[in-house]
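Written below as structure tokens is the structure these notes are about.
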Number of protein chains: 4
Amino acid sequence: MGIIERKEREKERRKDEIVEAARRVFFEKGLVTATMDEIAEAAELSKATLYLHFPSKEDLYLAVAMGGLRALHGKFQEIIEHEPSIVRALHRMKEAYMEFFRTQRQYVQMFSFLQMSQFHKQVSDHMRSTCDSENDKHWEAIIGLLRRGVEQKIIRDDIDPTEMAIVLWTNASSLMLRADNEHDMWKRRRNIDLRKTMETSFRMTIDAILTPAARLEYQALLHAEHAAVHQS
Amino acid sequence: MGIIERKEREKERRKDEIVEAARRVFFEKGLVTATMDEIAEAAELSKATLYLHFPSKEDLYLAVAMGGLRALHGKFQEIIEHEPSIVRALHRMKEAYMEFFRTQRQYVQMFSFLQMSQFHKQVSDHMRSTCDSENDKHWEAIIGLLRRGVEQKIIRDDIDPTEMAIVLWTNASSLMLRADNEHDMWKRRRNIDLRKTMETSFRMTIDAILTPAARLEYQALLHAEHAAVHQS
Amino acid sequence: MGIIERKEREKERRKDEIVEAARRVFFEKGLVTATMDEIAEAAELSKATLYLHFPSKEDLYLAVAMGGLRALHGKFQEIIEHEPSIVRALHRMKEAYMEFFRTQRQYVQMFSFLQMSQFHKQVSDHMRSTCDSENDKHWEAIIGLLRRGVEQKIIRDDIDPTEMAIVLWTNASSLMLRADNEHDMWKRRRNIDLRKTMETSFRMTIDAILTPAARLEYQALLHAEHAAVHQS
Amino acid sequence: MGIIERKEREKERRKDEIVEAARRVFFEKGLVTATMDEIAEAAELSKATLYLHFPSKEDLYLAVAMGGLRALHGKFQEIIEHEPSIVRALHRMKEAYMEFFRTQRQYVQMFSFLQMSQFHKQVSDHMRSTCDSENDKHWEAIIGLLRRGVEQKIIRDDIDPTEMAIVLWTNASSLMLRADNEHDMWKRRRNIDLRKTMETSFRMTIDAILTPAARLEYQALLHAEHAAVHQS
DNA sequence: CATGAATGAGGTTTCATTCAT
DNA sequence: TATGAATGAAACCTCATTCAT
């Protein structure tokens, strides 16, 4: 009995090793340019072994992306569960996302691939459904937070929380993607720091969904933080 | 001399024919799935001939995308030039973008590819710079509009107009992309109509950049329009 | 000591089980198309276990073929040993071969593989020599029969009995192979029943090796049998 | 118009070059052991180019075999058309086949593959039908010859000429195959020269299909030839 | 210019065979 | 002995791109 479990665990570990090797290659080369040969070499395995665990390059890509997604969602989850203040929770989620962008920005590119329908068609049903349920959990958490916010009169009640969640997440993600791709270009051409623009965008969107009272709380929070940063 | 010009014109026509054929194929299949063979067949030319006019598949894809971009920008330009009211201009631009989405939504996918740095690396310098300057004109127009808005106290002055433009355009485009890809999924799973969410997002973003006074004007406009629609 | 013997017997039994499973798969799919996975599944064993007992797919194939060969040779042996009349023996051997073809025709394909030198190169020395000695016994028996026939003036004496044996067996086997492969084609295209052609071929070859006197005996035998068949 | 024809011819030439390269490789290694890479290298072409002209390794193999078949059939055709004496024609065909065996024996292996139904399943419809019609011509020629022989009372009339043709060709081919594979073995073990056995088999089969009168003519022919050989 | 043919590259797939446990 | 996993090899297949005419 224990043997079967151990085997199971080892299989998982092997899969994780492959995903980790694939991550390195995909981060460096992107989906199209990366080859299964490169990934096999990075994993120190044969190409056939990769196909033993993942039915296609796209599936493997999705598995890598899901790793990033889970990491990010994990942080969100933690904040949502432990931060009693909705305003603070939103703020900390922004911080977490920014931190994620700073340290693992390549995932952002990957996330943007995930929603392309073109891409989804090439992925196995199993992976797609795994991915879908993961996403679902994520949306549920954010929507839940916003619903609580509405109840607490923190979030405006004239917009459907689900729609709000979509707008919130879409706005944030898309600006990150742009920041990842065009940061240098905007700096060079118009002296714009997209990192700062991301903050601006966040603030605008959060402002837009808060009730007037909560907006004051949010501004106070930003102010306090700003002061704290400048003190250190 | 006239002969050279005629040749030039014919060459342009041939390029346009190729782009039009490529558009049909890319619309149906997407960048990765579409093949040069299919495009050649659609254009009733040989594959090699495509390469006489475009150095790579990506270049051709970009050429198609640029066609859509120019069409959309043309409409924006016209509104910006002829609509004296900033608020009305923003509103009409939203309408134009929504109309564009309704009729040529496949371009939205393409636009999202354009900003991927992975993609840009595979494109010829010439095409890239053409694309960049086209984009530049576009940004200039929007930023110009917002600057005028700041001067007229229509647009809030505490956010850099360039940043605002980026946020505005990025938010709008990203929701369109999501609507293109996930419309059915959201309808099915949570009974969300992403078309409506797009409107919500627009309204939220525009609200967020207007001064309080202008916001009233905007709401009046929406109200009037709403009434007009329900009358007909 | 008894334990070792039991082990030995069990090992043999296991080998036989594998050969039987392999037989089913090879009969259905042929050497090239059949896979070790399929055989392993049919044997309810892992692929690796097959390799504990047989060093290669070809060896296993040969083991299966040898089973058929032994069965057929056994019948021949029995006839040769117990049938005093050479003419009757030849006739009964033909009958036995035809019966074998009717009930286990798939072996005929396998036999034809055996003689391909390409094939032999891929087989273990041990298996090859087992196979060779089996074959040797077979040839020895037929040649012995023919030699006896020569002594009894049943078989013509101007052709070497060994050559005769080769011709006899080769002709018979090759027509069977053709019948196995092309039966339907000949029926369809030229309304030829290769089963009947096999009989024709046998008769021609036997006719060709008998002395004139024996030929009459053979014809009488055929005639008697023909009458018996038509009576029933 | 001439251009199209020239292109056509060049395409044929290229195909022939590939077939010739493949022939060398298949002769050396056999169907299973030979790889498309080796053939590509031998042809000094890329593997992809091979697949441009032949849809599979099996098709290419068949094309090679067909080359040999056509060569052999050509010689038969020539004899059948120009040799007025049926007996002489049969004899010269045997000589031609023996000569073919001496100089291009590897084809014999290939021919034996052709009739395996296993093999045929892996071949394109086009190639299969080309092959079938080639074979048909061949059978038609031999059957025609035998029919003429029956009319001229050279060939016995109590066996269907088609069946006779099958027996004749099958016997001859199968002994050649055995000679190709087992020549050394028989020489070593029983001091049998299969080359001579082939002659024996031919003589037996031809004897078996001739009328008594023709058989005398045939023996005279063999005798004359034997004398001629021993004189030189 | 236009094109048919060629090609290098790499993804996908399948397998016989081997290895570590 | 038995096995799950790994693997090297190669067929198969598709394409973007290039070349020779």
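Chain letters run A, B, ... following the sequence lines, proteins first and then strands; every chain starts at 1. Here the structure is a predicted model, which means the values were calculated and not measured.
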| Can you name the salt bridge (charged side-chain N to carboxylate O under 4.0 Å, His left out) partners of A/Lys57, sequence neighbours left out? | none
| task | Using a cut-off of strictly less than 4.0 Å between a heavy atom of the residue and any atom of DNA chain F, enumerate the qualifying residues of residues 19-38 of chain B by number. | result | B/Ala34, B/Thr35, B/Met36
| Euclidean distance, atom CG of residue C/Leu60 to atom C1' of E/dC15 [Å, nearest integer] | 15 Å
Output a table of nitrogen or oxygen pairs between the protein and nucleotides 4-8 of chain E separated by less than 3.5 Å.
unit_1: E/dA6; atom_1: OP1; unit_2: D/Arg14; atom_2: NH1; d: 2.7
unit_1: E/dA6; atom_1: OP2; unit_2: D/His53; atom_2: NE2; d: 2.8
unit_1: E/dT7; atom_1: OP2; unit_2: D/Ser46; atom_2: N; d: 3.2
unit_1: E/dT7; atom_1: OP2; unit_2: D/Thr49; atom_2: OG1; d: 2.5

| message | With a 4.0 Å cutoff (strictly under), does any side-chain N or O of A/Tyr51 reach OP1 or OP2 of E/dT13? | response | no
| said: My understanding is that only residues two or more places apart in sequence, or in another chain, count here; which of them pass side-chain contact (heavy atoms from CB on, under 4.5 Å) with B/Glu17? | reply: B/Arg13, B/Arg14
| field | Global bending angle along the helix from E/dA2-F/dT21 to E/dT21-F/dA2, which compares the axes of five pairs at either end, to 10 degrees | value | 30°
| message | Under the criterion side chain to side chain contact (heavy atoms under 4.5 Å, CB included), I'd like the reasoning laid out for D/Leu45 against D/Ile39: C-alpha separation, chi angles, the key distance, then a yes or no. | response | CA-CA 9 Å; D/Leu45 288 170; D/Ile39 296 169; over 6 Å; no
| request: Kindly state each residue pair satisfying ring-ring contact (aromatic ring centres under 6.0 Å, His included) with at least one member in residues 6-36 of chain B, sequence neighbours excluded. | output: B/Phe26-B/Tyr61, B/Phe27-B/Tyr107
| Nearest-angstrom distance from the residue atom CZ of C/Phe54 to C1' of F/dA2 | 16 Å
| field | Length of the CD-P vector between C/Gln122 and E/dC15, whole Å | value | 16 Å
| query | Quick one: side-chain contact (heavy atoms from CB on, under 4.5 Å) partners of C/Gln118, sequence neighbours excluded? | reply | C/Lys121, D/Thr33
| message | Whole angstroms only, please: what is the CG-C1' distance between D/Leu50 and F/dC12? | response | 12 Å
| said: How many whole angstroms separate atom CZ of C/Arg9 from atom C1' of F/dT1? | reply: 18 Å
| query | Residues two or more places apart in sequence or in another chain: which of them pass salt bridge (charged side-chain N to carboxylate O under 4.0 Å, His left out) with B/Asp16? | reply | none
| What integer distance in Å separates A/Glu41:CD from F/dT7:P? | 13 Å
| message | Rounding to an integer number of Å, can you tell me how far C/Asp59 CG sits from E/dT17 C1'? | response | 13 Å
| task | Write out all pairs satisfying ring-ring contact (aromatic ring centres under 6.0 Å, His included) with one or both partners inside residues 37-57 of chain D, taking only residues at least two apart or from two chains. | result | none
| task | State which residues pass side-chain contact (heavy atoms from CB on, under 4.5 Å) with C/Asn181; sequence neighbours excluded, sorted by chain then number. | result | C/Gln109, C/Leu177, D/Gln115, D/Ser117
| query | Excluding sequence neighbours, so at least two apart, what forms side chain to side chain donor-acceptor pair (under 3.5 Å) with C/Arg24? | reply | none
| Test side-chain contact (heavy atoms from CB on, under 4.5 Å) applied to B/Ser124 - qualifying residues, sequence neighbours left out | B/Pro55, B/Asp59, B/His126, B/Met127
| Does A/His120 reach the main-chain N or O of A/Leu114 with its side chain, forming a donor-acceptor pair under 3.5 Å? | yes
